[in-house]
Amino acid sequence: MSLTSAPDSRPSGRAAPPAGRRTESPVVELNVGGEFYTTTLGTLRKFPGSKLAEMFSSPAKACLDAEGRFFIDRCGTYFGAILEYLRSGQLPTQHIPEVYREAQYYEIKPLIKHLEDTPQIFGEQVARKQFLLQVPGYSENLELIVRLARAEAVAARCSRVLVCLVRNEKEDANCADALRSLEANKRSVVKFGPWKAALDISDLLDCLNMDIKAQGYQVCYSHNSPLPAKVSDYFYTFSFSWW
């Protein structure tokens with residue numbers, strides 16, 4: 001199916017326009033991940049450099065569902081907010097992170113810029129993201145915490161993972177003996193640091209807690225290390241609840 005009007009289905013008493021004058025239909029029916037929308041080609045092509053405009057720039061790029069609607073294989077829940085912005089410039093007031101993700105997929109740069117100025121996206125993409133970039137190996141260590149917790153979950157209601165946080169070389173040296181002792185006793189520890197920036201430990205702990213919960217886990221952390229007092233300040237326990 002091309003991006004032109006469907007064959008004429010009007011009663012025979014109404015004459016169809018001459019074949020040579022058949023023009024591209026401005027109305028488009030969309031199926032976005034099972035959600036249905038009706039709009040115009042002009043709306044979809046409003047920003048020529050976007051992926052959405054590209055999708056509807058050529059018949060060869062169109063994908064159709066069984067009913068002949070143009071199909072986009074994305075979650076349709078937030079496409080209405082994308083469409084309202086294209087129609088009227090109206091910015092969403094709800095589900096900002098989700099709409100931001102869809103705006104990025106469709107490469108609608110003006111909407112992306114507007115959303116990046118909102119407190120929700122600014123806080124996540126600029127403030128917190130830049131904070132975590134100062135912690136070497138943050139993503140890898142976060143994954144390791146989850147992996148260790150899952151490994152200890154067999155026939156257990158809770159898993160506990162020991163985390164060591166050292167801000168500088170001096171604290172790293174202070175913890176060296178304790179880390180060697182834990183390793184000798186086959187006790188796994190996930191170590192963060194040292195890092196160069198002046199990061200607040202409580203903020204880093206909150207980020208870990210937030211990012212683990214975002215993956216669907218029930219987790220909390222506490223400062224109840226079984227280690228000697230002189231190094232206990234560097235160690236925290238993350239507790240996962242499974243049932």
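The chain is numbered in sequence order, starting from 1. All figures in this text were calculated on a predicted structure; none of them were measured in a lab.
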Kindly compute the distance separating [atom1] ([X]) from [atom2] ([Y]), expressed to the nearest 0.5 Å.
X	Y	atom1	atom2	answer
Leu204	Asn209	CG	CG	11.0 Å
Thr39	Leu83	OG1	CG	4.5 Å
Leu52	Leu111	CG	CG	11.0 Å
Ile108	His114	CD1	NE2	12.0 Å
Leu182	Ser188	CG	OG	9.5 Å

- request: Start with the C-alpha distance between Arg45 and Glu54, add both sets of side-chain angles, then the distance that settles side chain to side chain contact (heavy atoms under 4.5 Å, CB included), and finish with yes or no.
  value: CA-CA 8 Å; Arg45 296 171 176 171; Glu54 182 182 347; over 6 Å; no
Please list, chain by chain and in numerical order, all residues satisfying salt bridge (Lys or Arg N to Asp or Glu O under 4.0 Å) with [X], sequence neighbours excluded.
X	value
Lys113	Asp117
Arg180	Asp177
Glu84	Arg87
Asp203	none

[X] side chain near [Y] side chain, heavy-atom distance below 4.5 Å:
X	Y	answer
Gln104	Ile112	yes
Cys220	Ser239	yes
Asn31	Phe70	no
Trp242	Ser159	yes
Leu44	Leu30	yes
Thr77	His95	no
Gln218	Lys213	no
Ile72	Met55	yes

Closest contact, heavy atoms only, [X] versus [Y]:
X	Y	answer
Gly33	Phe71	N-CE1, 4.1 Å
Leu115	Pro92	CD2-CG, 3.8 Å
Thr237	Arg160	CG2-CB, 3.8 Å
Pro48	Lys46	CD-O, 3.3 Å

message: Tell me which pairs pass ring pair (Phe, Tyr, Trp, His ring centres under 6.0 Å) where either residue lies in residues 119-168, with sequence neighbours left out.
response: none
task: Could you name each residue pair satisfying ring pair (Phe, Tyr, Trp, His ring centres under 6.0 Å) that touches residues 30-55, not counting sequence neighbours?
output: Tyr37-Phe79
query: side-chain hydrogen bond (donor to acceptor under 3.5 Å, both in side chains) with Thr43: which residues, sequence neighbours excluded?
result: Thr40
field: Non-neighbouring partners of Tyr221 that pass side-chain hydrogen bond (donor to acceptor under 3.5 Å, both in side chains), sequence neighbours left out
entry: Asp206
I'd like a table of donor-acceptor pairs (distance under 3.5 Å, sequence neighbours excluded) in which one partner is a side-chain atom from residues 161-169, with atom names and distances.
unit_1	atom_1	unit_2	atom_2	d
Arg167	NE	Glu171	OE1	3.4
Arg167	NE	Glu171	OE2	3.1
Arg167	NH2	Glu171	OE2	2.7
Asn168	OD1	Lys170	N	3.2
Asn168	OD1	Glu171	N	2.9

query: Ignoring hydrogens and geometry, is there a side-chain-to-backbone donor-acceptor pair from Ser181 to Ala178 under 3.5 Å?
result: no
query: So, the side chain of His223 versus the backbone of Tyr234: is there a donor-acceptor pair under 3.5 Å, distance only?
result: no
field: Shared hydrophobic cluster for Leu64 and Val32 (ILVMFWY, side-chain gaps under 4.5 Å)
entry: yes
task: Identify whether Met210 and Val135 are in the same connected component of the hydrophobic contact network (ILVMFWY, side-chain heavy atoms under 4.5 Å).
output: no
message: Does Arg157 qualify as a cation-pi partner of Trp243, given the criterion of NZ or CZ under 6.0 Å from the six-membered ring centre and within 45 degrees of its axis?
response: yes
Derivation of the side chain to side chain contact (heavy atoms under 4.5 Å, CB included) call for Arg128 and Asp211: CA-CA 11 Å; Arg128 197 171 88 92; Asp211 288 336; 2.7 Å; yes
field: CA sep, side-chain torsions, deciding dist, call: Gln120, Tyr100, side-chain hydrogen bond (donor to acceptor under 3.5 Å, both in side chains)
entry: CA-CA 10 Å; Gln120 298 96 318; Tyr100 177 69; over 6 Å; no
message: Considering only residues two or more places apart or on different chains, which pairs with a residue in residues 89-112 satisfy salt bridge (Lys or Arg N to Asp or Glu O under 4.0 Å)?
response: Arg74-Glu102
query: Could you give all pairs that pass the salt bridge (Lys or Arg N to Asp or Glu O under 4.0 Å) test and reach residues 143-152, with sequence neighbours left out?
result: Glu143-Arg147
message: side chain to side chain contact (heavy atoms under 4.5 Å, CB included) for Ile145 and Ile212? Distances and angles first, verdict last.
response: CA-CA 9 Å; Ile145 291 172; Ile212 293 171; 4.0 Å; yes
Pairs of donor and acceptor atoms involving the side chains of residues 190-201, under 3.5 Å and at least two apart or interchain, shall be tabulated with distances.
unit_1	atom_1	unit_2	atom_2	d
Lys191	NZ	Asp172	OD1	3.3
Lys191	NZ	Gly193	O	3.1
Trp195	NE1	Ala197	O	3.3
Asp200	OD1	Ser202	N	2.9
Asp200	OD1	Ser202	OG	2.4

field: Within 6.0 angstrom of Gln134 CD, more than 12 heavy atoms from elsewhere
entry: yes
task: Output, in order, the C-alpha distance, side-chain angles, deciding distance and verdict of side chain to side chain contact (heavy atoms under 4.5 Å, CB included) for Leu208 and Tyr236.
output: CA-CA 12 Å; Leu208 287 168; Tyr236 297 80; over 6 Å; no
